[in-house]
Amino acid sequence: MGSRSAVFMVLCFLLQSSAVEVVATVNATLNVDASSSSGSPIPDTFFGIFFEEINHAGAGGLWAELVSNKGFEAGGPNTPSNIDPWAIIGSASHINVETDRTSLFDRNKIALRLEVLCNTTGDNICPAGGVGVYNPGFWGMNIEQGKKYKVVFFVRSTGSVNLAVSLTGSNGVGSLASAKITGSASDVSNWTKVETILEAKATDHNARLQLTTTTEGVIWLDQVSAMPQDTYKQHGFQTDLYGMLANMKPRFIRFPGGCFVEGERLRNAFRWNKTVGPWEERPGHFGDVWMYWTDDGLGYFEFLQLAEDLGALPIWVFNSGISHQEQVNTTAVLPFVQEALDGIEFARGDATSKWGSLRAAMGHPEPFDLKYVAVGNEDCEKKNYRGNYLKFYSAIRSAYPDIQIISNCDASSQPLDHPADLYDYHVYTNANNLFARATVFDRASRSGPKAFVSEYAVIGTDAGTGSLKAALAEAGFLIGLERNSDVVHMISYAPLFVNTNDRRFVCVFVLRWNPDAIVFNSYQLYGTPSYWVQLFFWESSGATLLKASLQSTLSNSLTASAITWKNPVDGNNYIRIKVVNFDANTVNLHISFDGLDPNTVHLSGSSKTLLTSSSLTDENSLSQPNKVVPIQSLLQSVGREVNVVVPPYSFTSFDFLNNPQIFRFLLLMYKD
Ligand code: AHR
């Protein structure tokens, strides 16, 4: 770096730091009309999540499968095929490994052939640990002492087999768990399914799965899986990552993409019918936008199951006959339309219907609650989109009149030229721009389809890998969306997850998306400040938006909203004021409540939740996961007027218990 740019960077740093440090105090007033008649309902579906298979969010993330490329298909259907990340144990004089097309499964024909040249006796003695293959998982398997792992694989051989199936350290040293699998020649002359449970006697976050032998002969392996037994409800979701989603209490989950749905090429797009049925029969596919292979263990069924487990409505995005580089002509799009209809039938058809019966065979005879579908992703500007969209729209509307159909075309500033129930709105930009967009829906038409803000985030320098600055700008934007919840019916951040190991492989050809709400490796995780901002909004779903007017000189950097909501756990009503101060000044905020129930003399038993940090660039990390997290403290009761202090560069929610019976006097008392 030249000295001039170094000076410039130091200057920027000083300016940035001083922006945080020079603190004046500004007065502001928020008048809240708390009368029930003034409020307007916020949709039940307001706050949700968007899951895309990006950054190894699913494969090597939420989907708990430990083996990567379990069917040896990642190298493509032709042989010789690339078996990465599988690797060979043993030298060429002891073992020869190659791929062939002899698999039992028609949709994934590649199998692994191991020709073992060594033995326990004779001239060519096998090494003591045996020879074979190992799989390191997705940057190391997390194996934990006392936990059980179900290993399943398919095997065939020309003779008898004597295999060791083991979980070991990353270099093959140190057995964490092991089982012997033996079979006579007649047992394994045809493909045979083997299942064994391994219980770990030690912990290693960077373990691998090995299949080894010391017996000469030819063995074929296929569809090798290792699943932790403690997934959420045994549904295959990694428990910690699932917990991060459950904490968000999402009312919907949009899936499975994003660009993942489109593909660079249609042949690499997510197609639901290739991801259902028994896991070992699924072909898997190479997601050529995010450039990695997925075995599709997390398939369409599992996404629907995930939605149900979370208590969230599934929002299925399907391919509209358009990839990044191809467009099917509208005259030829009917097979895609039929595929979408079949997918809807799979989700909600009767258990005796063609596709509903497959769902039932997979263990879910009851229909899933699919009420929303999106036709394509970010395809509005494509020449064939409208034509294709209308084909999907009329077919779905006539077969399933209750399903809400989401268009890719933005109607926030002009009416749509086609029918839709909702329209998709995506925004990725810098912090100031996103904060300013809080008012974008103030100008949107109050009639016509509603907005689904299904992807938003601050990106670029302001965001780093998940900064406070990005989160505060997003909080301001979300307050604007909440204030416009008569027309904005759904909101979700993007992307949701990143496996931090995936960031290491950035090159000009492979785009890795940054930032992301939840960051993890094989055994650790944290939420970025953007994750925590979202948690301030789940109560908004189904709440009532109160009229609130803010007077301040910081009109471009201070924003607030007020809602009233009923907590189903304690049955109490709360008034929640959320305030974003996107400015270097401290704000003395005077809040007054009008229109309270005449019996409510005071608002009592309340709390404050504050998200801030000493620098706008502060981020959480695996070593400091809680550097920027919300801190909750109790407030003593407050009356119909209250003064609160809002720190510079902060997001605060004040929750006031609105219980007409309670009469207590009040002062703010902060724990922190
Ligand atoms: O969220 C990352 C990507 O951003 C999504 O795949 C796409 O819809 C958008 O361009």
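Note that the coordinates shown come from a computational prediction; the quantities given were computed from them, not determined experimentally. Note that ligands are numbered from 1 as they come in the structure, with each ligand's atoms numbered from 1 the same way.
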May I ask you to check whether H418 and Y389 place their ring centers less than 6.0 Å from one another? yes
If the threshold is 4.0 Å, N to carboxylate O, is there a salt bridge linking D486 and R446? yes
Taking side-chain contact (heavy atoms from CB on, under 4.5 Å) as the definition, give me every residue that meets it alongside P85, ordered by chain and number, with sequence neighbours left out. S68, N69, N135, P136
Quick check on the 6.0 Å ring-centre criterion: do Y526 and Y531 meet it? no
Pairs involving residues 255-270, ordered by first then second residue, that meet side chain to side chain donor-acceptor pair (under 3.5 Å) (sequence neighbours left out): E262-H324, E262-N377, E264-H324, E264-Q325, R265-Q325, N268-D288
Considering only residues two or more places apart or on different chains, which pairs with a residue in residues 239-252 satisfy side chain to side chain donor-acceptor pair (under 3.5 Å)? none
May I have a table of the N/O to N/O pairs between ligand 1 and the protein that fall below 3.5 Å, each row giving the two atom names and the distance to 0.1 Å?
{"residue": "ligand 1", "atom": "1 (O)", "partner": "Y428", "partner atom": "OH", "Å": "2.7"}
{"residue": "ligand 1", "atom": "1 (O)", "partner": "E455", "partner atom": "OE1", "Å": "3.4"}
{"residue": "ligand 1", "atom": "4 (O)", "partner": "Y428", "partner atom": "OH", "Å": "3.4"}
{"residue": "ligand 1", "atom": "4 (O)", "partner": "E455", "partner atom": "OE1", "Å": "3.2"}
{"residue": "ligand 1", "atom": "6 (O)", "partner": "E52", "partner atom": "OE1", "Å": "2.6"}
{"residue": "ligand 1", "atom": "6 (O)", "partner": "E52", "partner atom": "OE2", "Å": "3.1"}
{"residue": "ligand 1", "atom": "6 (O)", "partner": "C259", "partner atom": "N", "Å": "2.8"}
{"residue": "ligand 1", "atom": "8 (O)", "partner": "N377", "partner atom": "OD1", "Å": "3.3"}
{"residue": "ligand 1", "atom": "8 (O)", "partner": "N377", "partner atom": "ND2", "Å": "2.9"}
{"residue": "ligand 1", "atom": "8 (O)", "partner": "E378", "partner atom": "OE2", "Å": "3.4"}
{"residue": "ligand 1", "atom": "8 (O)", "partner": "E455", "partner atom": "OE1", "Å": "3.0"}
{"residue": "ligand 1", "atom": "8 (O)", "partner": "E455", "partner atom": "OE2", "Å": "2.7"}
{"residue": "ligand 1", "atom": "10 (O)", "partner": "E378", "partner atom": "OE1", "Å": "2.8"}
{"residue": "ligand 1", "atom": "10 (O)", "partner": "E378", "partner atom": "OE2", "Å": "3.1"}

